[in-house]
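Order of the sequence lines fixes the chain letters, A, B, ..., with proteins taken first and strands second; residue numbering starts at 1 for each chain.
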There are 2 protein chains.
Amino acid sequence: MAVNLKQLAELLGLSQTTVSRALNGFPEVNAETRQRVLQAVRETGYRPNRAAQRLATGRAYSIGMVMPIAAGIDSDVHFGEFLAGLGEEAVKHDFHFVLNPSAPEDEEATFQRLAASGNVDALFLAYMRANDPRIAMLKSLSMPFVVHGRSIGETRDYPFLDIDNTGAFYDATRLLIQLGHQRIALINGPDYLSFSIRRRKGMAKALAEHGLNIDEALVHHSLMTDEHGYRSMQRFLQQPDAPTAVLCSSTVLALGAVRAVNQAGMAIGRDISLIAHDDVLPMLKPENFSVPLTTTRSSLRAAGGRIATRLIAGILKSGAFPDQELWRAELIVRASTGPAPQK
Amino acid sequence: MAVNLKQLAELLGLSQTTVSRALNGFPEVNAETRQRVLQAVRETGYRPNRAAQRLATGRAYSIGMVMPIAAGIDSDVHFGEFLAGLGEEAVKHDFHFVLNPSAPEDEEATFQRLAASGNVDALFLAYMRANDPRIAMLKSLSMPFVVHGRSIGETRDYPFLDIDNTGAFYDATRLLIQLGHQRIALINGPDYLSFSIRRRKGMAKALAEHGLNIDEALVHHSLMTDEHGYRSMQRFLQQPDAPTAVLCSSTVLALGAVRAVNQAGMAIGRDISLIAHDDVLPMLKPENFSVPLTTTRSSLRAAGGRIATRLIAGILKSGAFPDQELWRAELIVRASTGPAPQK
DNA sequence: TTTTCCTCCCAAAGCGCTTTGGATATCCCT
DNA sequence: AGGGATATCCAAAGCGCTTTGGGAGGAAAA
């Protein structure tokens, strides 16, 4: 059923060389001949075999990533959205993705195998940690890659796209302080992830500038689920000296947090202020909360798109992009923040 | 840096044939020689080039799927969880995935290209609709595939794994009727997806058995987000003859629905009963809701695993599995269901 | 007219692997 | 000792594509 180059060439009475060149846009082929070839492709439904193409060119038109898989590992809501961004861009260039599942402890080996397999042209890495060893590994692979996020303490010379997490939570905290809040809590992501570390740092910095310190009892780290948001907030509210404002690392956490506040009979924006980081998940829009949420916003989807763009440009060597990008998150004020309640 | 078969063979003073056979477990190679080869592989870090392997064998060790991508298309929370299940199983057999993004209108063409590319050994299809044309397409591709879900009205002879949506919502509705509920609402998924259609059908069937009908004003179809759950429930409660029980097609919808109920000052399980379908998303556990949710449960992750198993067995021709599977969802009663309130 | 230069096309050599079809040596049996 | 198994190994032919290194023929330059 499926034709190959050879058959197509025979059919046209041309050599494989010419047909190949016609298809790949080489100049040394007659315009009329090229049209004949394209016509034949349309008629036969010819599709080049990518494996052969790759064997010949060394190019796979694909971006590889490893997905950590284990019985205990949760799927992440944010992952799908990021992937959508990657895909949106990739489809424009006819690129695809290779997802290689791997146990977390084998992750580095999986990257190596992925690179050696010839199945991919570039690698993508996320969920960065402090002193992440995977960066050095990827650098040793001599294959383009981009990191989403940044490590901490690692050398700085690797390609990344990150948002200014420190700045975002600094801004958010400063706003709260200006509104008169003194006891501010943080419901953060997992404590080993670098974005969590940075957000905490941003908060600490703003507090410090006003002579305040982080109260360890007011900082929780957890996976970013509704459940954890709920529990954290509940615990905060039960404390003798409860916070008057809370920062959340995700709208998913905020969801649970808001639930806890409501259940306690308190009002968001009046009794307690809330600012969340908004990854612009279509599933959960901060402006649709019963009390619209003040947020630091940066689209995860846009980040995915940008990374795909850079990766593809790197592979195709078309156009140069900055190697390191730090996006600033916008602080968008809505109704969930208000002046600190008077004692 | 990376060695190939030829170099490895030279290094060992063997032919490529022998090395290849040693690696692929053929019997006609001396045990001692095989050990030497394996040792050399360990030392050199040799990894076979998958493209070459595939060109030679026609086997890619990968499962293809297309991801619909468009500016307006939302990423789906459920997708990540399903993928985790697929991956968990795939990693055991050293399979990977090829994700091909595609505009929804090009989806069929993308499947064809994916199949022709030689990049994948099998295809996977989900988000089934009524009279889904993609099934006929996949059948024409002469490549193994499994459908997650079922179409409606299509021929029945294609491999699928589905849950008994009709049965699940039939059971749930019957329970509510037994508890005395007469006005039951449904917050369903998108109306064009076949699981939504079947769930509604199951509900209708149980109602009919008790001489009741679906009230169209009590059925909403939407994407399964918190926001939509909230809005639907809010609208239900505002109706003059509000329902006393509600079915939700997802715990994500239930999240919003519960919020609306609380906001109205009503109590789940007493003033209004709620049953949700639980895909067992780690992000959102029904037992952790402030009032634990009665659910129809079927793990999306398990479904992913099973589909991967079947696909891989189909590719490797190892072991036979049933071609069509219909899983029954468990009805798990928790505190969100109670007797219908007396007027 | 001869020479040079394009234009347009082709044959053939890989890319790195698997697999077919022997070869060679050893061993057992009659 | 001769013949057939048996155990090990190898050379070479692809898989379907790209790319190198020409080559024929006509147009432009000398």
A/Arg36 CZ to C/dC8 P, straight-line distance once rounded to whole Å
14 Å
Are A/Phe82 and A/Phe124 an aromatic pair, judged by ring center distance below 6.0 Å?
yes
For A/Thr57, which contact category applies under a 4.0 Å heavy-atom criterion: base, sugar-phosphate, or nothing?
sugar-phosphate
Mind checking if B/Glu28 touches a base, just sugar-phosphate, or nothing, with heavy atoms under 4.0 Å?
base
With nearest nucleotides of DNA chain C determined for B/Thr18 and B/Ala51 from heavy-atom distances, which residue corresponds to the more 5′ nucleotide?
B/Ala51
Taking salt bridge (charged side-chain N to carboxylate O under 4.0 Å, His left out) as the definition, give me every residue that meets it alongside B/Arg306, ordered by chain and number, with sequence neighbours left out.
B/Glu325
Which is true for A/Arg21 with a 4.0 Å heavy-atom rule: it touches a base, it touches only sugar-phosphate, or it touches nothing?
base
My understanding is that only residues two or more places apart in sequence, or in another chain, count here; which of them pass salt bridge (charged side-chain N to carboxylate O under 4.0 Å, His left out) with A/Arg134?
A/Glu107, A/Asp132
Which part of the nucleic acid, if any, lies within contact of B/Ser20, taking any heavy atom under 4.0 Å across all strands shown: a base, the sugar-phosphate backbone alone, or nothing?
base
5' priority, DNA chain D, between B/Ala52 and B/Gln16 [closest heavy atom]
B/Gln16
Comparing nearest nucleotides in DNA chain D, the 5'-proximal residue of the pair B/Val29, B/Ala56 is B/Val29
Derivation of the side chain to side chain donor-acceptor pair (under 3.5 Å) call for A/Arg36 and A/Gln39:
CA-CA 5 Å; A/Arg36 275 181 57 218; A/Gln39 181 59 32; over 6 Å; no
Here the gap from B/Tyr158 atom OH to B/Ile135 atom CD1, rounded to the nearest 0.5 Å, amounts to 4.0 Å
What's the separation between atom CE in A/Met65 and atom CZ in A/Phe111, rounded to the nearest 0.5 Å?
10.0 Å
Nearest-nucleotide 5' precedence on DNA chain C, A/Pro27 against A/Thr17
A/Pro27
Near-strand residues of residues 4-15 of chain A, defined as heavy-atom separation under 4.0 angstrom from DNA chain D
A/Asn4, A/Leu5
Taking any atom closer than 4.0 angstrom to a non-hydrogen atom of chain B, what span of DNA chain D does the protein reach, first nucleotide to last?
D/dT8 to D/dG16
Do we get A/Arg310 above A/Phe321's six-membered ring, with its NZ or CZ under 6.0 Å from the centre and within 45° of the axis?
no
Under the side-chain hydrogen bond (donor to acceptor under 3.5 Å, both in side chains) test, which residues partner B/Thr110, sequence neighbours left out?
B/Ser102
Pairs touching residues 52-62 of chain B that satisfy side chain to side chain donor-acceptor pair (under 3.5 Å), sequence neighbours left out
B/Arg54-B/Asn119
